[in-house]
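All remarks here apply to the structure that follows.
Residues: numbered from 1 along the sequence shown.
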Amino acid sequence: MVTLGARDVPGLRRFYRALGWAELPGGDDGRVGFLLAGVLLVLRPAAGTDGAVGGAMLTCTVTGPRQVDSACVAAVAAGATVLAEPADHPEGGRSACVADPEGNRWEIAWAPLARWRTEGGQAPPAAPAAPAPAEPHRAGAELLHDHGASDEVVAAQLVAAGGNGPGWAVETLLCAARTARREGRPEQAVDFLRRALAEPLPPARRGGVLTELGSLEVTLGPADRALGVRHLAESVRLEQSDVSVFKAANALGTALAARGQTSVALEVMEELAERFTGHPELAWAVQVAAALIASHDGHSWLETVDRLRRLAATTPARPAPAVRVLLAEFDSTSGRLSAAEAAAVAREVTVEPLDPFSRTYVLASAATLAQWADELALADRLVTEGLTGHRGPLVDPGYQSLLSVHAESLVMRGRYRELLEACHGWGVLVGPPARPAPSGVGNAHLVAQAVIALTETGRAAEARRLADSVVVDGSHGSWEWNEFLYARGLLSLAEGDPAGALDDLSECGRGQVARQVTSPVVTPWRSAAADCQLLLGRPAAAVALATEELAAARHWGTPRCVGRALRALGTATGGRAGLATVEQAVALLRTAGTDPELIAALAAHGRLLVAAGHLTAARGALREAARHAERIGAGRWCAVVAALLAAAGARRATASQTGAHALTGSERRICALAAQGHSNPEIAALLHLALRTVETHLTNSFRKLGVRRRTELAGRLAAEPAVPDR
């Protein structure tokens with residue numbers, strides 16, 4: 001909203017009318033508004049009894065009180081100065097005031113009905129001016145709709161107007177909500193969906209809106225979460241199709257389990273299973289959904305797995321793919337399967353026809369098996385297929401598992417910056433500095449991967465703030481919580497606190513053992529704990545832990561798991577035997593295609609070579625480690641290896657910051673698309689990134705490549721090919 005203080009309001013009013021601008025009803029020669037495709041221009045006297053002064057006031061109106069705070073934070077992050085902190089007003093509404101770098105003032109305001117009046121050039125008043133009546137907003141919505149404005153712009157006017165709208169209002173509100181959700185604005189999507197419920201809806205349509213709304217609300221703050229559970233419960237009770245009820249009950253069960261009410265969640269799924277006794281596909285899908293929900297509690301998880309085994313054994317037909325792949329997950333983590341056997345199950349179930357109810361679960365579990373088995377290309381394909389084909393709620397456990405597989409795959413390959421960008425896009429993090437988003441999905445596993453990425457890129461202080469701010473309601477028996485403990489343990493170890501790290505890693509180990517998880521494919525806590533024990537002066541304990549992990553890793557059989565355990569054992573053993581063991585680890589990890597484990601092994605190799613007096617060989621191993629660390633942006637390892645090189649008597653060459661090899665993975669992908677002729681908005685859409693992120697990456701890339709125009713990119717990249725990400 002732009003408010004102008006006019007010397008002659010009637011004259012200026014005639015001027016804008018002559019331009020053909022749409023005047024809102026209810027105006028007069030004392031105050032009048034014009035709606036300009038989503039921008040409200042208000043004319044008021046330059047001076048009057050209210051003490052207003054001349055000039056202009058810029059106002060950003062938002063659709064909810066939370067958005068006042070988030071918009072203020074975004075403005076400050078971009079360089080604005082706060083003139084008035086976000087504050088609630090006694091008569092309703094919330095506002096803040098900031099100034100851009102040149103002192104231009106912006107009010108950020110929300111009121112139950114958006115108000116016209118602002119005090120031009122002044123900080124926000126102690127209380128908002130009286131809100132405008134609803135009718136201008138209804139009229140504005142119709143004008144905007146007729147002139148082809150975006151659904152979100154029209155929907156914002158419908159929210160402000162309240163009550164029932166025109167016949168097209170529901171579709172506009174729902175389309176706007178989906179756009180807001182897709183673009184990472186869940187609070188705005190919630191506002192649109194709540195407004196849609198005010199329209200007359202048939203039961204089935206109302207149930208769908210309630211499911212969509214409740215699934216978003218349970219990802220927000222405590223008050224919204226409680227309301228979301230009620231909305232989901234109401235949706236389950238409405239008369240809908242079996243598929244719709246399944247989606248609603250699944251989302252409700254997941255939300256309840258996340259709040260620590262796993263037993264209640266399983267009761268919901270049990271009632272649902274009884275409803276679907278005559279629908280085998282849905283009945284199996286309910287059983288698998290219940291199993292994923294039960295994973296929030298270790299005891300419930302084991303009971304559910306036993307029940308699935310009994311069902312599979314007593315059912316004449318072959319168990320559904322969802323059941324087979326879920327049991328294969330359990331058998332992999334409990335040491336019953338090898339990597340080759342697990343990968344075979346993943347391929348087997350994904351070539352079979354999948355029913356639409358359990359498709360997401362099957363793809364998520366199969367991708368998990370493929371990733372554990374180091375079949376990363378297969379895992380990537382299954383994740384992409386699952387994410388693009390998912391049509392259910394975002395809190396769906398299968399969908400969240402797909403995100404988790406993708407995140408862990410990025411961390412495994414050292415693509416840390418890409419992971420952090422993805423976490424912002426998923427609504428899990430806000431920042432910088434990175435911290436859990438209040439509108440995030442509450443996925444502790446995704447936050448754990450972000451903690452690891454921040455730690456490895458040398459942002460330990462930021463990783464600590466993120467870890468300390470995490471509150472995971474009711475999930476201390478879940479696999480996600482064990483992953484978080486492992487990540488926090490790695491952070492403490494990187495901070496030089498082996499005792500604190502050992503506490504978290506040991507608790508992670510106890511939690512995993514309670515869930516019958518013995519394989520290091522999930523959280524290799526024993527290797528990290530061995531490093532802690534060695535730093536604490538307890539080499540015997542370190543050797544015992546590493547030996548135990550090596551035995552489990554060899555049963556699983558992937559180079560990554562075996563190489564990591566060999567590195568830990570060789571480091572703990574020391575001497576000639578330890579050096580030989582670490583050399584085996586390096587040779588094995590060179591075939592694994594996961595840089596972080598190779599860097600750690602090369603660093604350990606260099607350290608042991610220095611201790612043995614083989615300085616030339618040590619420098620060779622450490623320089624190789626440095627090259628890998630610099631290429632993937634592993635700042636922590638860059639610092640560690642630099643210190644080891646100095647101890648080996650080497651002069652550390654300054655890493656080149658120019659050329660194609662200096663580009664990060666994200667920069668290379670963006671440059672490749674730009675070289676193909678894609679515009680910045682097209683690149684942002686293709687890679688699911690913010691436009692500003694694309695622009696920043698291109699600016700950095702142009703500097704590194706020494707180019708000034710996009711047309712130079714293709715030749716520069718071809719002349720100096722970069723080492724591809726593995």
Side-chain angles (χ1 to χ4, degrees), residues 73-75 77-79 182-185 380 384 387 403 406-407 409-411 413-435 437 446 449-450 452-454 456-459 462-463 595-596 627-636 638 655-726:
V73 168
R182 185 173 60 250
E183 295 181 357
R185 300 191 303 279
D380 289 345
T384 300
L387 291 177
L403 295 185
H406 182 49
S409 178
L410 293 176
V411 170
R413 288 181 272 197
R415 288 157 61 174
Y416 303 123
R417 292 189 181 92
E418 187 177 344
L419 180 274
L420 292 171
E421 289 172 3
C423 284
H424 282 84
W426 295 331
V428 176
L429 296 180
V430 295
R435 61 188 186 280
L446 296 181
Q449 301 311 302
I452 293 174
L454 290 168
E456 295 305 309
T457 51
R459 297 158 65 183
E462 201 170 339
D595 285 320
R627 286 195 298 274
H628 288 297
E630 288 165 359
R631 184 170 61 80
I632 67 173
R636 181 179 77 85
C638 287
S656 174
Q657 296 299 313
T658 59
H661 63 278
L663 298 178
T664 66
S666 296
E667 289 169 347
R668 285 199 297 273
R669 281 183 286 278
I670 289 171
C671 284
L673 290 171
Q676 293 168 15
H678 292 287
S679 66
N680 289 3
E682 289 172 341
I683 295 171
L686 287 168
L687 297 182
H688 305 290
L689 297 174
L691 178 59
R692 184 173 179 179
T693 300
V694 173
E695 293 168 346
T696 300
H697 280 324
L698 277 176
T699 299
N700 293 336
S701 301
F702 276 37
R703 174 182 55 78
K704 292 178 181 180
L705 295 172
V707 300
R708 294 185 178 182
R709 289 178 290 276
R710 300 166 84 94
T711 53
E712 301 175 46
L713 283 173
R716 189 72 175 87
L717 292 172
E720 188 183 349
V723 179
D725 283 339
R726 290 194 263 178

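Rounded to the nearest 0.5 Å, atoms CG (L410) and CD1 (I452) are 12.0 Å apart. Atom CD of E462 sits about 5.0 Å away from atom CG of L454, to the nearest 0.5 Å.
In terms of modelled atom types and a separation under 3.5 Å, the side chain of E682 and the main chain of S679 share a donor-acceptor contact.
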**OP:** Decide yes or no on side-chain contact (heavy atoms from CB on, under 4.5 Å) for R459 and L420, but give the supporting numbers first.
**Re:** CA-CA 12 Å; R459 297 158 65 183; L420 292 171; 3.5 Å; yes

**OP:** Quick one: do T693 and S666 satisfy side-chain contact (heavy atoms from CB on, under 4.5 Å)? Show the steps, please.
**Re:** CA-CA 10 Å; T693 300; S666 296; over 6 Å; no

**OP:** Apply side-chain contact (heavy atoms from CB on, under 4.5 Å) to the pair E421 and L687, showing each step before the final yes or no.
**Re:** CA-CA 10 Å; E421 289 172 3; L687 297 182; over 6 Å; no

**OP:** Could you go through the side-chain contact (heavy atoms from CB on, under 4.5 Å) check for R415 and I632 one step at a time?
**Re:** CA-CA 6 Å; R415 288 157 61 174; I632 67 173; over 6 Å; no

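Taking the side chain as every heavy atom from C-beta outward, N700 and L663 never approach each other to under 4.5 Å. L387 is listed as a side-chain neighbour of L403, based on a closest heavy-atom distance under 4.5 Å. Side-chain contact between C671 and L705 is present, with heavy atoms from C-beta onward closer than 4.5 Å.
Residues that satisfy the side chain to side chain donor-acceptor pair (under 3.5 Å) test with R710, not counting sequence neighbours, are N680. With sequence neighbours excluded, the residues satisfying salt bridge (Lys or Arg N to Asp or Glu O under 4.0 Å) with R636 are E456.
I670 and I683 make their closest contact through O-CD1, 3.9 Å (heavy atoms, listed as atom of the first residue, atom of the second, distance). Residues A634 and Y416 come closest through the heavy atom pair CB-CE1, 4.3 Å. Considering all non-hydrogen atoms of both residues, A675 and L713 come closest at CB-CB, 4.0 Å.
Using modelled atom types and a 3.5 Å distance limit, the side chains of H406 and Q449 yield no donor-acceptor pair.
Using a 4.0 Å cut-off between charged nitrogen and carboxylate oxygen, R417 and E667 do not count as a salt-bridge pair. With salt bridges taken as basic N to acidic carboxylate O contacts below 4.0 Å, one links R413 and D380.
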